[in-house]
Peer 1: 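Below: one structure in structure tokens.
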Protein chains: 2
Amino acid sequence: MQSFTEENYLKTIYHLAEKSSSVQTNAIAEQLQTKPASVTDMIKKLAEKGLVDYIKYQGVSLTTNGRLAAIDIVRKHRLWEVFLVDKLNFKWDEVHDVAEELEHIKSVDLIERLDEFLGFPKSDPHGDPIPDKNGRFAKTQFIKLIDLKINDLGTITGVSQHSSAFLKHLEKLGLTLGKEIEVKDITDFDGSVELLIANKPVNISREVAKHILISNNDKI
Amino acid sequence: MQSFTEENYLKTIYHLAEKSSSVQTNAIAEQLQTKPASVTDMIKKLAEKGLVDYIKYQGVSLTTNGRLAAIDIVRKHRLWEVFLVDKLNFKWDEVHDVAEELEHIKSVDLIERLDEFLGFPKSDPHGDPIPDKNGRFAKTQFIKLIDLKINDLGTITGVSQHSSAFLKHLEKLGLTLGKEIEVKDITDFDGSVELLIANKPVNISREVAKHILISNNDKI
DNA sequence: TTTTATTTTTAGGTAAATCTAAAAATTTTT
DNA sequence: AAAAATTTTTAGATTTACCTAAAAATAAAA
Ligand SMILES: [Mn+2]
Ligand SMILES: [Mn+2]
Ligand SMILES: [Mn+2]
Ligand SMILES: [Mn+2]
């Protein structure tokens, strides 16, 4: 059984490892708003518990046990987010912080029943996949909106940025999950993207387009 | 804002104060499964924060702020218990431990929405009243089943013992909330009580009868 | 390939919440 | 009222998760 803090470290290492296989001390420290020295301490502890592989100065990676533990936290986090949005009518930009707390509640039974109550959802309010109780989930092939070409069609199925500011911005533009979009133009001047959503034209910056994930059903 | 541990102390002091106005160090220690020396330390801290009144060797009592904080935890605990039973189909003897964790989730918005989602329940699965967001709740006048006389009628509206063993026992005997009972006899030999529930005779020990709370609608 | 900059680790310390053992205060019993 | 028992507090340690400052290792630049 891991402590609240250990769980947060495992989850952070898991998420950082999705980008680069070996995770660096400073990256963990920044993510967890703590100091590199503290990270080194905790990494040693997790290594002793067999949850991470660690070679001094060489970064850290999760062991099989560590990965399973991390995925379990991710599962809880995402199920709670679904609960907050589907049942308690939170907006998708309001759920992250509360889920950060709820994910640490320790009861296997609770999370199985919650999963059932929610109808065994496959993805959370941000389009992220929800692992099953064995830690398995479909690794979805997403394309970034920024990588689409003019005239490409697609459906918004995820976001790679969960900040409230970003999500509220998307909401205002009508860029929510499930919406179909078409790329009409890519501006030379600033790389901003001209979209068509529900027959309405919308212009988004490169920065926004980078963090919208698309499943491209069809191309013309 | 209180820590997880401070919240547990406040809640414990609140519950103990329902029995005797001044709460003793040893009683708190026993309830929290800790040592009296640790309790003294924490009491000093809570006193400095203005949450308890404390005179050395004279026991401790909650200030107005302390009481409000304690009632807020109790409110959360009981609302989560309702959620677990009504929505996730937990049994009434399975919810306490999980609620002990959930009660510490810090989000005013969450608990307001949960309250609404549950239909603003007035009592929890054990018949205990749920305070509103201002800490107000009806102080219900309960009678212990043990104090009833032969031929008295009543409705089971609460229990003063929340252990799983006790609640499972009641369940097996059909002694659940809302059931109407009639006292048929009180055994001379061991003080056990002969009841009639749904026209069936049930015999319960004194110990059990002590912890069943009755609202006595009528007497014959 | 040195020199410089960056990253990471160690050394030593702090605060919160515990503990044990011993001292002090209070309560109960003789 | 004195002695004995109980309760409570203090003193001094321990553990967890942090920190700062300095040293060591690695990576980048000259
Ligand atoms: Mn989230
Ligand atoms: Mn999410
Ligand atoms: Mn309870
Ligand atoms: Mn209850």
Side-chain angles (χ1 to χ4, degrees), chain A residues 1-14 16-17 19-62 66 69-70 73 100-101 103-106, chain B residues 1-14 16-17 19-62 66 69-70 73 100-101 103-106:
Chain A
M1 196 95 301
Q2 285 86 42
S3 73
F4 183 99
T5 309
E6 288 167 351
E7 287 186 346
N8 279 335
Y9 272 86
L10 290 173
K11 193 182 57 158
T12 296
I13 294 168
Y14 174 78
L16 289 170
K19 309 203 164 182
S20 54
S21 56
S22 175
V23 179
Q24 285 169 295
T25 304
N26 276 355
I28 299 169
E30 203 208 323
Q31 187 68 31
L32 289 173
Q33 305 262 62
T34 182
K35 303 290 162 174
S38 308
V39 173
T40 302
D41 283 350
M42 180 57 81
I43 284 174
K44 282 185 192 161
K45 194 177 165 192
L46 294 173
E48 264 180 35
K49 288 192 171 193
L51 297 165
V52 299
D53 288 321
Y54 169 58
I55 307 163
K56 265 191 199 177
Y57 295 99
Q58 301 295 119
V60 73
S61 62
L62 293 171
I73 316 294
E100 284 294 306
E101 289 192 60
E103 71 191 6
H104 301 289
I105 303 290
K106 283 171 187 48
Chain B
M1 196 95 302
Q2 286 85 43
S3 73
F4 184 99
T5 308
E6 287 166 351
E7 287 186 347
N8 279 334
Y9 271 85
L10 290 172
K11 192 181 57 158
T12 297
I13 294 167
Y14 174 78
L16 289 171
K19 309 203 165 184
S20 53
S21 57
S22 175
V23 179
Q24 284 169 298
T25 305
N26 276 356
I28 298 170
E30 204 207 323
Q31 187 68 33
L32 289 173
Q33 306 261 63
T34 184
K35 305 288 163 179
S38 309
V39 173
T40 302
D41 284 349
M42 181 56 81
I43 285 174
K44 282 186 194 163
K45 194 176 165 191
L46 294 173
E48 265 180 36
K49 287 192 170 193
L51 297 165
V52 299
D53 289 319
Y54 169 57
I55 306 162
K56 264 191 199 178
Y57 294 99
Q58 301 295 119
V60 72
S61 62
L62 294 170
I73 316 294
E100 285 293 306
E101 290 192 60
E103 71 191 6
H104 301 289
I105 303 290
K106 284 171 186 48

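Just so we're clear, the structure is a prediction, and the values are computed from it rather than from any experiment.
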Peer 1: For the side chain of K56(B), starting at C-beta, report the closest nucleotide among dT18(C), dT9(D), dC18(D).
Peer 2: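 In terms of side-chain proximity for K56(B), the closest of dT18(C), dT9(D), dC18(D) is dT9(D).
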Peer 1: Checking contacts here: which listed nucleotide (dT10(C), dA21(C), dT26(C)) is nearest the side-chain heavy atoms of A37(B)?
Peer 2: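 Selected nucleotide: dA21(C).
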Peer 1: Determine the contact category for T25(A): base if any of its heavy atoms lies under 4.0 Å from a base atom, sugar-phosphate if only primed atoms, P, OP1 or OP2 are that close, otherwise nothing.
Peer 2: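 T25(A): backbone/sugar contact only, no base atoms under 4.0 Å.
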Peer 1: Grab the two heavy atoms, one from A47(A) and one from Y54(A), that are nearest each other, plus how far apart they are.
Peer 2: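 What the structure gives for the nearest pair is CB-CB, 4.1 Å.
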Peer 1: Working to the nearest 0.5 angstrom, can you tell me the gap between I43(B) CD1 and S38(B) OG?
Peer 2: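 Reported to 0.5 Å precision, the distance equals 11.0 Å.
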Peer 1: Are I28(A) and V23(A) close enough that some pair of their side-chain heavy atoms sits under 4.5 Å apart?
Peer 2: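 Yes, at least one pair of side-chain atoms sits under 4.5 Å.
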Peer 1: Whole angstroms only, please: what is the CD-P distance between E48(A) and dT16(D)?
Peer 2: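 From E48(A) CD to dT16(D) P: 11 Å.
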Peer 1: Could you tell me the separation between the NZ atom of K44(B) and the C1' atom of dA11(D), rounded to a whole number of Å?
Peer 2: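 After rounding, the gap between these two atoms is 10 Å.
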Peer 1: Taking any heavy-atom pair under 4.0 Å as a contact, classify T5(B): base, sugar-phosphate, or nothing.
Peer 2: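 Touches sugar-phosphate only.
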Peer 1: Which pair of non-hydrogen atoms, one from M1(B) and one from K49(B), has the smallest distance, and what is that distance?
Peer 2: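 In this case the closest contact between M1(B) and K49(B) is O-NZ, 4.0 Å.
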Peer 1: To the nearest Å, how far apart are I28(A) CD1 and dT7(C) P?
Peer 2: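 Going from CD1 in I28(A) over to P in dT7(C) covers 14 Å.
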Peer 1: Would you mind telling me which of dT8(C), dT18(C), dC19(D) lies closest to the side-chain atoms of T34(A)?
Peer 2: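 Per side-chain heavy atoms of T34(A), the pick is dC19(D).
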Peer 1: Could you please name the option among dC19(C), dT7(C), dT8(D) that lies closest to any side-chain atom of N26(A)?
Peer 2: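 It is dT7(C).
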Peer 1: Between Q58(A) (CD) and dT6(C) (C1'), how many Å, whole number?
Peer 2: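 After rounding, the gap between these two atoms is 15 Å.
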Peer 1: For the atom pair CG (N8(A)) and CD1 (I73(A)), what is the distance rounded to the nearest 0.5 Å?
Peer 2: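 Nearest 0.5 Å value for the CG-CD1 distance: 8.0 Å.
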Peer 1: Taking only side-chain N and O atoms of T40(B), does any of them lie within less than 4.0 angstrom of OP1 or OP2 on dT9(D)?
Peer 2: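 The answer is yes; a side-chain N or O of T40(B) sits under 4.0 Å from OP1 or OP2.
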Peer 1: For the pair made of CD in E6(B) and C1' in dA15(C), what is the distance, rounded to whole Å?
Peer 2: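 It is 13 Å, rounded to the nearest whole Å.
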Peer 1: Any idea which of dT7(D), dT7(C), dT10(D) is nearest the Q24(A) side chain?
Peer 2: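 Closest nucleotide to the Q24(A) side chain: dT7(C).
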Peer 1: Closest to the D41(A) side chain: dA25(D), dC18(D), dA25(C)?
Peer 2: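 That would be dC18(D).
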Peer 1: Using atom CD1 of I55(B) as one end and atom P of dA25(C) as the other, report the distance to the nearest whole Å.
Peer 2: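 The distance from CD1 of I55(B) to P of dA25(C) comes to 16 Å, rounded to the nearest Å.
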Peer 1: Distance check needed: dT6(C) P versus E30(A) CD, whole Å only.
Peer 2: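 In whole Å, dT6(C) P lies 16 Å from E30(A) CD.
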Peer 1: Which residue lies toward the 5' end of DNA chain D, K35(A) or Y54(B), if each is placed at its nearest nucleotide?
Peer 2: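 It is Y54(B), whose closest nucleotide lies nearer the 5' terminus.
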Peer 1: Has Y9(B) got a side-chain N or O lying under 4.0 Å from the OP1 or OP2 atom of dA16(C)?
Peer 2: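 It does not, given that no N or O in the side chain of Y9(B) lies less than 4.0 Å from OP1 or OP2 of dA16(C).
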Peer 1: By the 4.0 Å heavy-atom rule, please label F4(B) as base, sugar-phosphate, or nothing.
Peer 2: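 No contact at all - F4(B) keeps every heavy atom at 4.0 Å or more from the nucleic acid.
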Peer 1: To the nearest Å, give me how far apart CG (N8(A)) and P (dC18(D)) are.
Peer 2: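 Going from CG in N8(A) over to P in dC18(D) covers 9 Å.
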